[in-house]
Q: 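Just passing along the structure, written as structure tokens.
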Amino acid sequence: MINLNDDIMLAMNMRNFSYAKYSNYTVGAVLKTKNGKRYTGCNIENAGIQSICAERVAFCKAISEGEKFFESIVIVGGPKDKEPEKCLPCGYCRQFINEFVDKDFKIYTVYEDKIEEYSLEELLPYSFKI
Ligand code: ZN
């Protein structure tokens, strides 16, 4: 498996920037492009409209900077100030990500000394675009 240490440290640190006053659940994400650039994200909640997940923040930052080719995303999340737990993209994010990635895109969640790897096809089996 490729070395994800830098991405994991960055994603963990991004949890500190989460704006999660309603759920108290903080998530950090690090999206890596195929040319090796990294874009970070954290969840940003809102009382009035749908909150924005860390994954979509990272994708929007990258896409708005002109990025088109994505390799992987590392997601670390859990209750505020607690150790990370298994945290995978929500259904809305899975559909969103599906628009922008190829079949080889990897999704990692990190918790309890584990790094689990998923493909989007595994997480979105019925509407995966080919
Ligand atoms: Zn989401």
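Note that ligands are numbered from 1 as they come in the structure, with each ligand's atoms numbered from 1 the same way.
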Q: Strictly below 4.0 Å, N to O, side chains only: are Lys21 and Glu45 in salt-bridge contact?
A: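 Salt bridge absent between Lys21 and Glu45.
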Q: Hey, does Val57 have a side-chain heavy atom less than 4.5 Å from the side chain of Thr40?
A: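 A side-chain contact under 4.5 Å is absent here.
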Q: Around atom NZ of Lys34, are there more than 12 heavy atoms of other residues, nucleotides or ligands at under 6.0 Å?
A: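 Counting other residues, nucleotides and ligands, NZ of Lys34 exceeds 12 neighbours.
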Q: NZ/Lys32 to OG/Ser72 distance, rounded to the nearest 0.5 angstrom?
A: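 It is 5.0 Å, given to the nearest 0.5 Å.
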Q: Counting no waters, what protein N/O/S atoms lie under 2.8 Å from the Zn ion (ligand 1)?
A: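 The answer, once waters are left aside, is Cys53 SG, Cys90 SG, Cys93 SG.
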Q: Using distance alone, with no hydrogens and no angle criterion, decide if Asn46 and Ser51 have a side-chain donor and acceptor under 3.5 Å apart.
A: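 Not at all, the side chains of Asn46 and Ser51 share no donor-acceptor pair under 3.5 Å.
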Q: Kindly indicate whether the side chain of Glu112, heavy atoms from C-beta on, has any atom under 4.5 Å from the side chain of Glu83.
A: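 Counting from C-beta outward, Glu112 and Glu83 never come under 4.5 Å.
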